[in-house]
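Below you'll find the structure, written out as structure tokens, and then a few comments.
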There are 2 protein chains.
Amino acid sequence: MTKKPTQLAYVHAYEYIRDRILSGELERGTKLVEERLAEEMGISRTPVRDSIRKLEQEGLIKQKCVVNPSDMDLRHVFQVRTLLEGFAANYCATYITDEALAKLKNCVDIGRTGTIEEVMAANKEFHEIIVGATNNPVMIDIFDRMQSIIYLFRKTVVLHKRPLLIEEHHDIYEAIRQHHADEAERLMKEHLQLDLEFCLNRMKG
Amino acid sequence: MTKKPTQLAYVHAYEYIRDRILSGELERGTKLVEERLAEEMGISRTPVRDSIRKLEQEGLIKQKCVVNPSDMDLRHVFQVRTLLEGFAANYCATYITDEALAKLKNCVDIGRTGTIEEVMAANKEFHEIIVGATNNPVMIDIFDRMQSIIYLFRKTVVLHKRPLLIEEHHDIYEAIRQHHADEAERLMKEHLQLDLEFCLNRMKG
DNA sequence: GATGGATATTTTGTATACAATTTAAAATAA
DNA sequence: TTATTTTAAATTGTATACAAAATATCCATC
């Protein structure tokens with residue numbers, strides 16, 4: 001768990017640009033100019049190029065511009081997400097470890113009692129635990145990539161606590177705990193569907 | 001459908017390296033040295049680096065080496081694939097266009113009558129059509145990426161025609177044509193499961 | 001005022017040079 | 001021999017310079 005003290009410029013550049021996109025400092029549609037970013041960070045263009053390429057692969061940048069995902073894009077992401085997480089929830093009902101289950105419960109509890117930041121982190125972790133429990137690196141990787149795009153959307157939404165979200169998490173947790181696989185899958189899919197609709201509605205405003 | 005006459009070096013490098021990996025000229029586990037590849041192609045390291053980074057994102061290269069996927073890796077890929085293609089088959093049964101359906105039938109027919117190369121291409125296209133019919137770019141993108149890894153495996157297997165493969169394709173096609181969504185999904189999942197097992201068995205030899 | 005084309009500017013793509021790191025090799029001690 | 005430290009070689013990471021391409025600017029023409 002020890003982080004390498006890697007001070008590689010391209011890693012730094014990647015994190016820097018990524019954070020600025022996700023935080024909204026770099027607005028959607030903004031064109032990213034290699035030289036400007038390089039100067040801004042006091043490094044050369046080479047590592048900046050690397051990181052931009054990587055972010056392009058991840059879907060946060062398209063044609064040198066910060067992505068500006070449409071409603072349809074979000075629907076597409078959620079269609080895949082529903083598939084993966086529905087499966088994962090089903091899988092968990094049978095195979096999840098006691099340890100992971102306990103962590104899951106903890107996320108639900110924090111969702112009820114924590115500060116805004118804690119709640120947000122716990123809700124994110126709730127889904128991460130479930131997907132992570134599949135022990136399928138391919139699935140986890142796809143999930144991670146989608147998270148960025150989803151976050152880009154949610155950010156605009158996140159201050160408004162969605163009603164019932166925690167209750168839904170609790171129900172999913174219960175279904176998993178009781179090994180009700182199909183129920184867990186159904187609840188997860190419902191949950192994500194509601195989340196999608198909430199995001200889309202808030203976008204219009 | 002007109003290809004850009006792009007003579008960008010990094011595109012060329014990408015295709016060159018990718019083809020050499022998929023064809024097997026660059027064996028699994030081989031370390032890719034930027035300078036050697038650059039010299040080999042008569043270009044500088046810069047575009048070679050770009051293409052290696054891209055191939056790393058795609059999963060064909062890991063830590064400067066050609067990937068050497070294990071049985072488990074293939075299982076993980078197929079777990080995701082089954083999920084996506086099962087959904088896609090289900091979706092097709094309701095929403096596929098007549099045009100796509102006709103192309104699907106064509107793939108089945110070629111599977112019975114074509115040359116080895118034609119059959120291989122048709123079988124690949126069969127799955128591409130079904131996934132493509134979802135009109136979900138996110139799903140299509142994930143599918144495409146997995147294809148490379150799958151191909152890497154199948155290549156060692158491909159000369160041995162798997163029995164019943166075409167019949168399975170035909171049955172899936174029929175289920176889609178008759179709008180039997182759940183049946184199409186079930187058949188697709190069975191089909192992929194058999195394919196996976198066939199691959200894994202052949203690997204052992 | 002709009003349109004089209006030549007010119008200038010910006011930005012990206014590529015090559016090369018050098019620094020930092022990693023990896024391999026050699027030499028020495030146990 | 002085996003292990004361990006030192007040294008050398010290979011390889012990657014970064015900076016910089018220049019070429020090619022894309023974009024914007026300006027001016028003439030309609």
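For the numbers below, each heavy atom of this structure counts, side chains included, while hydrogens, waters and symmetry mates do not. Reminder, nothing fancy here: chain letters follow the sequence lines and each chain counts from 1.
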(request) Please name all residues satisfying side chain to side chain contact (heavy atoms under 4.5 Å, CB included) with A:Thr46, sequence neighbours left out, ordered by chain then number. (result)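 A:Thr46 satisfies side chain to side chain contact (heavy atoms under 4.5 Å, CB included) with A:Ser44 only.
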(request) Output all residues satisfying side chain to side chain contact (heavy atoms under 4.5 Å, CB included) with B:Lys124, sequence neighbours left out; order by chain, then residue number. (result)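 Scan of B:Lys124 (side chain to side chain contact (heavy atoms under 4.5 Å, CB included), adjacent residues dropped) gives B:Glu128, B:Gln147.
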Can you give the donor-acceptor pairs under 3.5 Å from side chains of residues 91-103 of chain A to other protein atoms, not counting sequence neighbours?
from    : atom 1 : to       : atom 2 : distance (Å)
A:Thr97 : OG1    : A:Ala100 : N      : 3.0

(request) Not counting sequence neighbours, list each pair that qualifies as a ring-ring contact (aromatic ring centres under 6.0 Å, His included) and has a residue in residues 12-45 of chain A. (result)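 Residue pairs with at least one partner in residues 12-45 of chain A: there are none.
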(request) Just grab all the ring-ring contact (aromatic ring centres under 6.0 Å, His included) pairs involving residues 102-131 of chain A, residues at least two apart or on different chains. (result)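 Of all non-adjacent pairs touching residues 102-131 of chain A, those that pass ring-ring contact (aromatic ring centres under 6.0 Å, His included) are A:Phe126-A:His169, A:His127-A:His169, A:His127-A:His191.
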Expected rows: protein N/O vs nucleotides 12-14 of chain C N/O, under 3.5 Å:
from   : atom 1 : to      : atom 2 : distance (Å)
C:dT12 : OP1    : A:Leu32 : O      : 3.3
C:dT12 : OP2    : A:Glu34 : N      : 3.2
C:dG13 : OP2    : A:Arg49 : NH1    : 3.0
C:dG13 : OP2    : A:Arg53 : NH2    : 3.4
C:dG13 : N7     : A:Arg45 : NH2    : 2.9
C:dG13 : O6     : A:Arg45 : NH1    : 2.9
C:dT14 : OP1    : B:Ala9  : N      : 2.4

(request) Measure the distance from CD on B:Glu39 to P on D:dT11 and round it to the nearest whole Å. (result)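 Distance, rounded to whole Å: 11 Å.
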